[in-house]
Asker: 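Got a structure here, written out as structure tokens. Questions coming.
The basis for the numbers below is simple: all heavy atoms, side chains too, and nothing from hydrogens, waters or symmetry mates. Because the structure is predicted, anything quoted here is derived from the model rather than measured. Remember, it's 1-based here, ligands and their atoms both numbered in the order they're listed.
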Amino acid sequence: QAKITGRNRHHFFDADLDEQVRTHHNRRTEVRNAVRGNELLLYYQPKLDMRKGRIVGMEALLRWNHPTRGVVGPMEFLPIVEHTDVIIDIGEWVLREALRQLQSWRAFDVDWVISVNIAARHFQRHDFVERLTAILAEFPDVPPHRLELEILESSALSDIAHVRRIMLDCQALGISFALDDFGTGYSSMSYLKRLPADVLKIDQSFVRNMLVDRDDLHLVSAVIGLARSFGRGVIAEGVETIEHGAMLMRLGCDLVQGYGIARPMPAQDVLTWVEGFVTAPVWQAAAALPPI
Ligand code: C2E
Ligand code: MG
Ligand code: MG
Ligand code: MG
């Protein structure tokens, strides 16, 4: 009797595991088909130079216009494919779409840098630079210095020398780099020393709490100081209020991004939004505060 129960349980477990594998497989296929089925789109979130009172860039953020679930964020589907080559198809789609968008914005006389997030697996490909060069060549009106790539510190985890090489090759083309979510990796300091990143992007978790948590404030201030002493640029993400902006400016960080300036928005809303923003005086008021 006990034996039968045991065997039944075993079967039950197998079926369950099988089901899980199948579901995972289905989800991966669904994401792969989203690329082919033209269901992906990019939202854009502005980057503001508070001192100049000007929008200086746009970060492209991936969305999936799912046939039944509506607009889905990247954290809900990128993890399913980030260890497969689907992430490369997606990454190349994002690069093309962002460059195409930048090309069409050029008619409106904008001089933004467009930032694209690149997954570690994509970035570390041996032919990354070659293929990126080919993609750039499809958009002859967009100079490469208008493209910035955002990579996570953890992208360099496996082979820092290789990643450094890719960064230098891209920079030779004119492309710049930001280290995204800076400070959250466990070896930020050695990456800072060895990777030629142009910009450090202070992680939003530090920024969000810096007005209520002194440790976070010190952390933000230290990253700004690091960027300055290493001759790198610095931008803060997750800026949700004017107070955050004012504090950052006093600490010496003029570049900000966050819901306080704008949430990520569809491409067709961007030009109208920017037109309205120029007249908003509120961020210039923060500039008037004395530095700390
Ligand atoms: P990230 O690059 O660090 O982007 C910042 C995320 O925080 C975005 O979420 C953005 O919508 C959100 N955010 C911006 N400002 C604020 C704020 O003030 N408050 C709060 N609470 N959140 C804010 P999103 O769009 O869901 O993207 C999440 C992550 O997915 C990104 O983090 C990036 O790592 C990844 N991702 C997005 N698009 C792509 C892509 O095209 N390719 C790859 N490989 N990864 C992408
Ligand atoms: Mg990013
Ligand atoms: Mg980030
Ligand atoms: Mg992030």
Asker: Looking at Y44 versus W105, is the centre-to-centre ring distance below 6.0 Å?
Answerer: yes
Asker: Please name the atom of D181, restricted to N, O or S, that is closest to the Mg ion (ligand 3).
Answerer: OD1
Asker: At their closest point, which heavy atom of F230 faces which heavy atom of K193, and how far apart are they?
Answerer: CE2-CA, 4.3 Å
Asker: Atoms of ligand 1 less than 4.0 Å from D180 heavy atoms?
Answerer: 1 (P), 2 (O), 3 (O)
Asker: Out of F77, F123, Y259, W93, whose heavy atom sits nearest atom 17 (C) of ligand 1?
Answerer: Y259
Asker: Do any N or O atoms from the side chain of Q45 and from the backbone of A262 form a donor-acceptor pair under 3.5 angstrom?
Answerer: yes
Asker: With rounding to the nearest 0.5 angstrom, report the CD1 to CG distance, I202 to L248.
Answerer: 6.5 Å
Asker: Drop me the distance from H122's NE2 to L149's CG, to the nearest 0.5 angstrom.
Answerer: 9.5 Å
Asker: Heavy atoms only, cut-off 4.0 Å: how does Q257 contact ligand 1, side chain, backbone, both, or neither?
Answerer: neither
Asker: Can any side-chain N or O of R164 pair as donor or acceptor with the backbone N or O of R194 at less than 3.5 Å?
Answerer: yes
Asker: With respect to the Mg ion (ligand 3), what is the nearest N, O or S atom of D180?
Answerer: OD1
Asker: Is there a donor-acceptor contact under 3.5 Å from the side chain of T29 to the main chain of H25?
Answerer: yes
Asker: As a check for students: among E76, E150, E240, identify the option with a heavy atom nearest to atom 21 (N) of ligand 1.
Answerer: E240
Asker: Just to be sure I read this right, does ligand 1 sit under 4.0 Å from the backbone of L61, its side chain, both, or neither, counting only heavy atoms?
Answerer: both
Asker: Keeping R232 on the side-chain end and L192 on the backbone end, is there a donor-acceptor pair under 3.5 Å?
Answerer: yes
Asker: For R63, take its heavy atoms, then give the atoms of ligand 1 lying under 4.0 Å from any of them.
Answerer: 11 (O), 24 (P), 25 (O)
Asker: Backbone N or O of H83 within a donor-acceptor pair of the R121 side chain at under 3.5 Å?
Answerer: yes
Asker: Using a 4.0 Å heavy-atom cut-off, say whether I90 meets ligand 1 through its side chain, its backbone, both or neither.
Answerer: neither
Asker: With atom 6 (C) of ligand 1 as the reference point, say which of Q204, E237, H244, K201 has the nearest heavy atom.
Answerer: Q204
Asker: Determine the sole option in R263, K47, K201 for which the salt bridge (charged side-chain N to carboxylate O under 4.0 Å, His left out) test with E59 is passed.
Answerer: K201
Asker: Looking at ligand 1, does G91 have a heavy atom less than 4.0 Å from it?
Answerer: no
Asker: Go through the side-chain N and O atoms of T241 and H244 and say whether any donor and acceptor fall under 3.5 Å apart.
Answerer: yes
Asker: Would you name the N/O/S atom of E59 that lies closest to the Mg ion (ligand 2)?
Answerer: OE2
Asker: Going by the order shown, which atoms of ligand 1 are within less than 4.0 Å of some heavy atom of P264?
Answerer: 11 (O)
Asker: Out of R27, R63, R69, which residue meets the salt bridge (charged side-chain N to carboxylate O under 4.0 Å, His left out) rule with E76?
Answerer: R69
Asker: Over all heavy atoms of both residues, which pair between M58 and V274 is shortest? Give the atoms and the distance, please.
Answerer: CE-CG2, 3.9 Å
Asker: When you measure from the side chain of D181 to the backbone N and O of T184, does any donor-acceptor pair fall under 3.5 Å?
Answerer: no
Asker: When you measure from atom 24 (P) of ligand 1 to each heavy atom in P74, A60, G73, which option holds the nearest one?
Answerer: P74
Asker: Find, among atoms of E150 that are N, O or S, the one nearest to the Mg ion (ligand 2), and state its name.
Answerer: OE1
Asker: Would one find an N, O or S atom of N117, in either backbone or side chain, under 2.8 Å from the Mg ion (ligand 2)?
Answerer: yes
Asker: Examine the proximity of ligand 1 to I87 and report which part, side chain or backbone, both or neither, has a heavy atom under 4.0 Å away.
Answerer: neither
Asker: Could you see which bit of Q45 sits under 4.0 Å from ligand 1, with heavy atoms only: side chain, backbone, both or neither?
Answerer: side chain
Asker: If you count the atoms of ligand 1 from 1 in the order shown, which ones are under 4.0 Å from a heavy atom of R208?
Answerer: 20 (C), 21 (N)
Asker: Given N117, T241, V256, T184, identify the one with the heavy atom nearest to atom 39 (C) of ligand 1.
Answerer: N117
Asker: M75 heavy atoms, cut-off 4.0 Å: which ligand 1 atoms fall inside?
Answerer: 28 (C), 29 (C), 30 (O)
Asker: Indicate, as side chain, backbone, both or neither, the part of E82 found under 4.0 angstrom from ligand 1 when only non-hydrogen atoms are considered.
Answerer: neither
Asker: Please identify which atoms of ligand 1 are closer than 4.0 Å to at least one heavy atom of V94.
Answerer: 41 (O)
